[in-house]
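First up is the structure itself, then whatever we jot down about it.
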Amino acid sequence: MPAKIEGRSTKDIGIDCIGRPTYDNLDKFLDATNSAGFFEGGTITDSGSGQIDIASAKGVIRTTNSGVGNLVAFDIDATTNVSLTDNSMNYIYVDYNSGSPIWAVTTTYTDINLQSKIIVGRVYRLGNVLFIGNFGQDIQDSVLRDLYRLQTLRRLEWASGAMLSFTTATRQPTVTEGMFFANYEKIITAAFNASGADRFVAWYRNGSGGWLYVTALQDIDNTYWDDGTGTLNDLTTGDYGVHWFFILSDGSIHSVYGQANYGTLANARAATFPTTIPPALQGLGIFIGRIIIKKSATVCTEASSAFDYTFSGTTTVNHNELGGLQGGTVAEYYHATSAQQAWLAIEAAKNRQVLIYLGL
């Protein structure tokens with residue numbers, strides 16, 4: 001293709017085609033694959049008396065309200081003392097205005113089509129007090145900024161699988177194959193089964209703001225919980241421990257010891273997420289669920305997945321573990337004693353006889 005010369009435009013630069021397609025040149029390709037927005041400027045500031053100033057801006061805007069409309073570059077000068085509607089959210093935007101871009105304001109967001117009208121910010125006016133939000137269609141370096149947002153908010157993001165459970169009648173965790181995304185990368189993690197050759201890592205606090213860990217574990221600990229001192233503490237006999245599980249981008253499985261000792265299964269189920277977790281799990285992993293186990297038990301009590309809407313237990317509630325029931329004699333939990341039940345049965349029979357006698 002000959003070199004570009006003065007007077008030629010992107011319309012003159014063709015792209016490889018099959019036959020004679022509609023989008024056959026660079027101009028149409030750019031229109032179809034890019035968005036309207038501003039590259040720099042457009043900062044909104046308070047000019048006093050309930051008005052705003054807007055800095056000059058540069059960007060690209062469409063000539064029509066269409067997702068494939070022609071994109072044209074523009075510069076727009078700064079403006080001052082722009083009036084706003086009181087007691088309302090005001091949306092500030094650039095209007096293509098038939099080729100002569102202007103600043104405009106509306107209180108109805110849907111007035112801005114985001115193609116031939118591009119938003120640069122919003123301001124709530126309360127008399128002479130303004131609440132300003134300088135965010136809009138800023139598309140400068142958008143790919144990098146989007147990657148940064150993904151990494152900051154999510155790091156590792158769940159797509160499917162990675163369901164936590166345990167091998168029947170054991171203390172050995174299992175995790176199904178999972179699919180995750182880290183930025184734009186798809187990551188597939190293999191199924192994990194501690195009853196075979198797979199092993200996991202368990203973490204607990206070292207007592208001074210850091211972490212200790214134990215590697216190559218096959219069984220979930222049924223003896224200890226993390227009291228934060230740097231030495232694991234014994235679970236009370238009959239109580240429950242909670243283990244919080246994570247998977248890292250390399251597919252390795254990690255657990256964090258629960259930071260409390262739970263006297264009932266109901267309390268264990270109501271356990272809150274640890275206040276802190278190891279940096280390695282924060283930066284490279286994602287929470288996948290928890291497993292509850294009773295002190296010295298040979299089998300886990302239940303497993304719950306982080307990818308359900310709520311944790312849901314699989315074990316029937318033990319009536320004696322419900323709160324606020326104790327009454328009558330020990331272990332009878334606000335029920336009558338056996339003697340009281342017998343007396344009540346006799347009295348009920350007497351009452352039935354009286355009702356029969358009275359014809360009631």
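Side chain to side chain, N90 and Y124 fail the donor-acceptor criterion of an N or O pair below 3.5 Å. For the residue pair T236 and N261, a side-chain donor N or O sits within less than 3.5 Å of a side-chain acceptor on the partner. Judged purely by distance below 3.5 Å, without hydrogens or angles, the side chains of N183 and Q151 pair a donor atom with an acceptor atom. A donor and an acceptor atom, one from each side chain of N193 and D198, are nowhere located under 3.5 Å apart. Side-chain contact annotation: T264 with N267, donor-acceptor N/O pair under 3.5 Å present. Donor-acceptor pairing under 3.5 Å is recorded for the side chains of Y184 and D146.
No chain of hydrophobic side-chain contacts below 4.5 Å, direct or via other Ile, Leu, Val, Met, Phe, Trp or Tyr residues, connects V60 to V94. Follow the hydrophobic side-chain contacts under 4.5 Å out from Y224 and you reach F245 in the same cluster. Note: the hydrophobic cluster containing I220 also contains M163 (ILVMFWY, side chain heavy atoms under 4.5 Å, direct or indirect links). Using a 4.5 Å cut-off between side-chain heavy atoms of Ile, Leu, Val, Met, Phe, Trp and Tyr, with links allowed through other members, W225 and I291 fall into different hydrophobic clusters. The cluster map of Ile, Leu, Val, Met, Phe, Trp and Tyr, joined by side-chain heavy atoms under 4.5 Å apart, puts V256 and F273 in the same cluster.
Shown here for L126 and N87, the closest heavy-atom pair between the two residues is CD1-OD1, 3.2 Å. The two residues Q115 and R62 make their nearest non-hydrogen contact at OE1-NE, 2.7 Å. The two residues T85 and R125 make their nearest non-hydrogen contact at O-CB, 3.6 Å. Contact record, A162 with F180: CB-CZ, 3.5 Å, taken as the closest heavy-atom pair.
Using a 4.5 Å cut-off on side-chain heavy atoms (C-beta onward), L164 and S305 make no contact. At least one side-chain heavy atom of T301 sits less than 4.5 Å from a side-chain heavy atom of Y240. When side chains are defined from C-beta on, I52 does not count as touching D46, because their heavy atoms never get closer than 4.5 Å. Taking 4.5 Å as the limit, every side-chain heavy atom of F38 sits out of range of all side-chain heavy atoms of Q140. The shortest side-chain heavy-atom distance between F246 and S255 does not fall under the 4.5 Å cut-off. With a 4.5 Å cut-off on side-chain heavy atoms, W103 and I76 count as touching. Side chains of V72 and Y96 form a contact here, defined as non-hydrogen atoms less than 4.5 Å apart. You'll find the side chain of F181 stays beyond 4.5 Å of the side chain of L156, heavy atoms only.
N97 places no side-chain N or O within 3.5 Å of a backbone atom of I102 that could act as its donor or acceptor partner. At least one donor-acceptor pair closer than 3.5 Å links the side chain of N134 to the backbone N or O of I44. Proximity of a side-chain donor or acceptor of R199 to a complementary backbone N or O of A194 within less than 3.5 Å is detected. Without hydrogens or angle criteria, T170 side chain to T167 main chain gives a donor-acceptor distance under 3.5 Å. R290 contributes no side-chain N or O that, together with a main-chain N or O of A306, makes up a donor-acceptor pair within less than 3.5 Å. Judged by distance alone, the side chain of T108 and the main-chain N or O of T106 form no donor-acceptor pair under 3.5 Å.
In Y148, the OH atom is not crowded: 12 or fewer heavy atoms of neighbouring residues, nucleotides or ligands sit closer than 6.0 Å. The local environment of OH in Y213 is sparse, with at most 12 non-hydrogen atoms from other residues, nucleotides or ligands closer than 6.0 Å.
Here the straight-line distance linking atom OG1 of T79 with atom CD1 of I54 works out to 6.0 Å at 0.5 Å rounding. One distance of note links CZ of F200 with CG of D219; it measures 7.0 Å at 0.5 Å rounding. From Q137, atom CD reaches atom CD1 of I118 across 5.5 Å, with rounding to the nearest 0.5 Å. Rounded to the nearest 0.5 angstrom, C300 SG and F166 CZ are separated by 5.0 Å. One distance of note links OG of S160 with CZ of F307; it measures 9.5 Å at 0.5 Å rounding. D226 contributes atom CG, which lies 7.5 Å from atom OG1 of T229 (distance to the nearest 0.5 angstrom).
For the side chain to side chain donor-acceptor pair (under 3.5 Å) with N70, the qualifying choice from T64, D31, T63 is D31, the only one to do so.
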Applying salt bridge (charged side-chain N to carboxylate O under 4.0 Å, His left out), run through D138 and R145 and close with a yes or a no. CA-CA 10 Å; D138 183 354; R145 290 162 60 207; 3.4 Å; yes

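Of the charged side-chain nitrogens involved, none lies within less than 4.0 Å of a carboxylate oxygen, so that K295 and D239 do not count as a salt-bridged pair. Between K28 and D24 there is a salt bridge, since a side-chain N of the basic residue sits under 4.0 Å from a carboxylate O of the acidic one. D221 has no carboxylate O lying under 4.0 Å from a charged side-chain N of R171, or vice versa, which leaves the two without a salt bridge.
In this structure, Y109 and Y91 have perpendicular ring planes: the angle between them is above 60°, well past the 30° mark.
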